[in-house]
Amino acid sequence: FDDSGRPTSAIEPEGLPLEFRTTLDDEIRSMNERGVKSVSERQLMIRAVLENVHFRHWTEHQITAVICHMQQKTFEPGEVIIEQGDPGDRFYIGTLGQMGITKDGQTFPSLHAGSLFGELAIMFNCTRRATVAAKDQVRTWWIKKASFGEAMKQAARQRYKSEGLLLKKLPCFSDSTEWVLDTIVDLMETEHYNEGETISEEASPRKALFLNLVGHVRATKQRLPPFVGEDECWERWQGDGFGSLADGVQEVDRVTVKAESDVTVMVVRDELFRMMGNMKGHASKNPLDWLTAEREVPTLATISISDFIPDSGAPLSAGA
């Protein structure tokens, strides 16, 4: 985020009509109405969200929408913030002070600035599992369940608009309907790569479409014998698509793609495209066409558990 409250990596694809560009002006205005967050507070809140096991896979749109909806509340020493057994309708991020935790009379390590707490009650409709009280003056930012739901809807609308427009720039989606683009966006997952990490490897049989949201990637190809080394093929930047499915279905990846900086991409794997039917043949159809078109559709008899398991050696997620 810069000093105006705008994320420095906000996506504004060049050449798109002004009314379709991703802007955060409404969110920033809403943020100021709820209390101005300093740059350091916003950074602290973003870190708290990304370090939380339930929210760490959120997109930039989701993080921005929730933080912009959060309101400020200060607690004095000894004041209870949440109490065990009470119904919960909000969660908090502390940005100043220490907070003590007790559960069933037992004391636990204190929470500090940058801690997110109380989220289980609004996610799972349960009562508070512990009591949290201020040990000194504490400054928090909180969001109620209703506002949280609205923020998620707002983030989804913004994501569909920005990422759908980026997808439409790719040849395979140039004539796709809004319904199809929204479906693809729903299927895409966020992946982060550090500078120097390999995103996809030459001759890999796994097919995928990558949409570059943040950063810079470079593709290389191994020289054929007797020559040694590799040749640079192309570079991609924010808003570009790449991968074996970007320009049409390939049998294998023809190049190795590495992150030239810290990179965030949206990715959809070939397994999900197969579940939707032929990408090229149905990209411009409407929902009824998808339901009635004659095509091979995977059934329970043709789908194996291996279709949904990552490659051997790839770590499973915490929810697996």
**OP:** Would you tell me whether T264 and H192 have side-chain atoms, one donor and one acceptor, within less than 3.5 Å of each other?
**Re:** yes
**OP:** Report the C-alpha distance between L50 and I63 in whole Å, list the side-chain angles of each, state the deciding distance to 0.1 Å, and finish with yes or no for side chain to side chain contact (heavy atoms under 4.5 Å, CB included).
**Re:** CA-CA 9 Å; L50 292 176; I63 295 172; 3.5 Å; yes
**OP:** Considering non-hydrogen atoms only, spot the tightest contact between K144 and R90 and give its length.
**Re:** CE-NH2, 3.6 Å
**OP:** Would you mind reporting whether L211 and M188 have side-chain heavy atoms less than 4.5 Å apart?
**Re:** yes
Original post:
Considering only heavy atoms from C-beta outward, does the side chain of M266 approach that of E189 to under 4.5 Å?
Top reply: no
Subject >> Audit row: Q222, E202, side chain to side chain donor-acceptor pair (under 3.5 Å) steps and yes/no >> reply: CA-CA 8 Å; Q222 288 292 325; E202 184 177 354; 5.4 Å; no
**OP:** Tell me, yes or no, whether the heavy-atom count around K258 atom NZ, taken from other residues, nucleotides or ligands under 6.0 Å, exceeds 12.
**Re:** no
**OP:** Go through the steps to decide whether T74 and T140 satisfy the test side chain to side chain contact (heavy atoms under 4.5 Å, CB included), and finish with yes or no.
**Re:** CA-CA 6 Å; T74 301; T140 67; over 6 Å; no
Original post:
What is the ring orientation for H54 with F124, classed by angle as parallel under 30°, tilted 30 to 60°, or perpendicular over 60°?
Top reply: perpendicular
Original post:
Going by heavy atoms in the side chains, are D262 and V214 under 4.5 Å from each other?
Top reply: no
**OP:** Can you spot which of T190, D240, L166, V265 makes a side chain to side chain contact (heavy atoms under 4.5 Å, CB included) with L213?
**Re:** L166
Original post:
Taking side chain as C-beta onward, heavy atoms only, is Y92 less than 4.5 Å from I82?
Top reply: yes
**OP:** Quick one: do K37 and I67 satisfy side chain to side chain contact (heavy atoms under 4.5 Å, CB included)? Show the steps, please.
**Re:** CA-CA 9 Å; K37 303 171 180 72; I67 289 178; 4.0 Å; yes
**OP:** Would you please say whether a donor-acceptor pair under 3.5 Å links the side chains of K135 and S110?
**Re:** yes
Subject >> ILVMFWY cluster, M99 and L44 together (side-chain gap under 4.5 Å) >> reply: no
Original post:
Does atom CD of E178 have more than 12 heavy-atom neighbours from other groups under 6.0 Å away?
Top reply: no
**OP:** Identify whether V80 and F91 are in the same connected component of the hydrophobic contact network (ILVMFWY, side-chain heavy atoms under 4.5 Å).
**Re:** no
Subject >> Chi angles and distances behind the side chain to side chain contact (heavy atoms under 4.5 Å, CB included) call for V49, L116 >> reply: CA-CA 7 Å; V49 170; L116 186 154; 4.1 Å; yes
Subject >> Over-ring placement of K73 relative to W141, 6.0 Å and 45° cut-offs >> reply: no
Subject >> Test salt bridge (Lys or Arg N to Asp or Glu O under 4.0 Å) applied to R218 and E260, E230, E195, the passing residue >> reply: E260
Subject >> Contacts of type salt bridge (charged side-chain N to carboxylate O under 4.0 Å, His left out), residue R139, not counting sequence neighbours >> reply: E41
**OP:** Take the angle between the ring planes of F55 and F148 and call it parallel below 30°, perpendicular above 60°, tilted in between.
**Re:** tilted
**OP:** State whether a side-chain donor-acceptor pair under 3.5 Å links E150 with H69.
**Re:** no
Subject >> Atom of C126, atom of L120 and distance for their closest heavy-atom approach >> reply: SG-O, 3.5 Å
**OP:** For the residue pair M45 and M70, establish whether any side-chain heavy-atom pair is separated by less than 4.5 Å.
**Re:** yes
Original post:
Crowded around R129 CZ? As in, over 12 foreign heavy atoms under 6.0 Å?
Top reply: no
Original post:
Considering only heavy atoms from C-beta outward, does the side chain of Q84 approach that of D104 to under 4.5 Å?
Top reply: yes
Original post:
Any side-chain heavy atom of T131 sitting closer than 4.5 Å to one from I101?
Top reply: no
